[in-house]
*Asks:* 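Once you've had a glance at the structure underneath, I'll fire off some questions.
By convention in this document, chain letters (A, B, ...) are assigned in the order of the sequence lines, proteins followed by strands, and residues within each chain are numbered from 1. None of the values given here were measured: they were computed from a predicted structure.
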Amino acid sequence: MKITDESKVFYHSVYALIGKIPYGKVTSYGHIAYLLNRPQNSRLVGSSLKHLKFIAESLNREANPEDIIEPESVPWWRVISSAGKISPRGNSDNESRQARFLREEGVEVSNAYRIDLEKYGWFPDEVDF
DNA sequence: AAGGTGACCGGGA
DNA sequence: ATCCCGGCCACCT
């Protein structure tokens with residue numbers, strides 16, 4: 001997979017923004033895209049998480065020290081679908097792992113991988129960087 | 001270079 | 001509630 005210069009900025013801001021989701025809260029792929037003024041790019045938000053390790057490595061290679069991204073520190077598990085469910089993404093092991101991470105921080109996850117957004121959702125209109 | 005894919009989303013049946 | 005479909009757009013073949 002290749003990464004264009006244009007998208008590097010986007011990827012970096014996706015990771016930075018996800019890092020702002022409070023402990024014990026969740027938000028959606030679409031809302032991340034919305035906050036970055038690219039409401040049509042929710043799919044790309046998912047993609048940036050799918051390739052988190054690879055992309056972070058690539059970004060870090062040319063990044064200033066303060067812009068280094070530790071893949072481990074990006075709370076990807078706090079991002080779910082706008083429907084309030086954990087995305088299956090093919091492998092049910094992924095779902096259960098994400099559910100475990102969320103439960104560890106106090107988020108209730110139903111056995112159908114559903115989450116109550118009223119209770120745990122984080123959907124600010126804007127976020128300062 | 002044209003067509004396929006997808007950690008998405010909203011609306012309609 | 002759930003499934004389906006069309007729209008979306010950067011990336012990948």
*Asks:* If you look at every heavy atom in A:Val26 and A:Ile115, which pair is closest and at what distance?
*Replies:*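 Scanning both residues completely, I find the closest heavy atoms to be CG2-CG2, 4.2 Å.
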*Asks:* Does the protein touch nucleotides 2-13 of chain B at the base, only the backbone, or not at all? Give it as B, S and - per nucleotide, heavy atoms under 4.0 Å.
*Replies:* ----BBBSS---
*Asks:* Distances under 3.5 Å between protein N/O atoms and the N/O atoms of nucleotides 1-5 of chain C, please, pair by pair.
*Replies:*
unit_1, atom_1, unit_2, atom_2, d
C:dT2, OP2, A:Arg114, NH2, 3.0

*Asks:* Just verifying a value: how many Å separate A:Tyr34 OH and A:Glu126 CD, rounded to the nearest 0.5 Å?
*Replies:*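 Those atoms lie 8.0 Å apart.
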*Asks:* Regarding A:Gln98 and A:Tyr113, do their side chains bring together a donor and an acceptor under 3.5 Å, going by distance alone?
*Replies:*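 There is no such pair (donor and acceptor under 3.5 Å, judged by atom type) between the side chains of A:Gln98 and A:Tyr113.
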*Asks:* Any chance you could measure A:Lys8, atom NZ, to A:Asp5, atom CG, to the nearest 0.5 Å?
*Replies:*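 Between A:Lys8 NZ and A:Asp5 CG, I get 4.5 Å after rounding to 0.5 Å.
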*Asks:* If the test is side chain to side chain donor-acceptor pair (under 3.5 Å), which one of A:Lys25, A:Glu108, A:Glu105, A:Arg78 qualifies with A:Tyr120?
*Replies:*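 Of A:Lys25, A:Glu108, A:Glu105, A:Arg78, side chain to side chain donor-acceptor pair (under 3.5 Å) with A:Tyr120 is met by A:Glu108 alone.
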*Asks:* Counting only heavy atoms from other residues, nucleotides and ligands, does the tally under 6.0 Å from CD of A:Glu118 exceed 12?
*Replies:*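 No - once you tally the heavy atoms of other residues, nucleotides and ligands closer than 6.0 Å, there are 12 at most.
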*Asks:* If I take atom CH2 from residue A:Trp76 and atom NZ from residue A:Lys53, how far apart are they, to the nearest 0.5 angstrom?
*Replies:*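 Reported value, rounded in 0.5 Å steps: 12.5 Å.
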*Asks:* Assign each of A:Gln40 and A:Lys2 to its nearest nucleotide of DNA chain C by heavy atoms, then name whichever residue's nucleotide is nearer the 5' end.
*Replies:*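 Nearer the 5' end of the strand: A:Gln40.
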*Asks:* When rounded to the nearest 0.5 angstrom, what is the spacing between OG in A:Ser48 and CZ in A:Phe54?
*Replies:*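 The CZ atom of A:Phe54 is 13.5 Å from OG of A:Ser48, to the nearest 0.5 Å.
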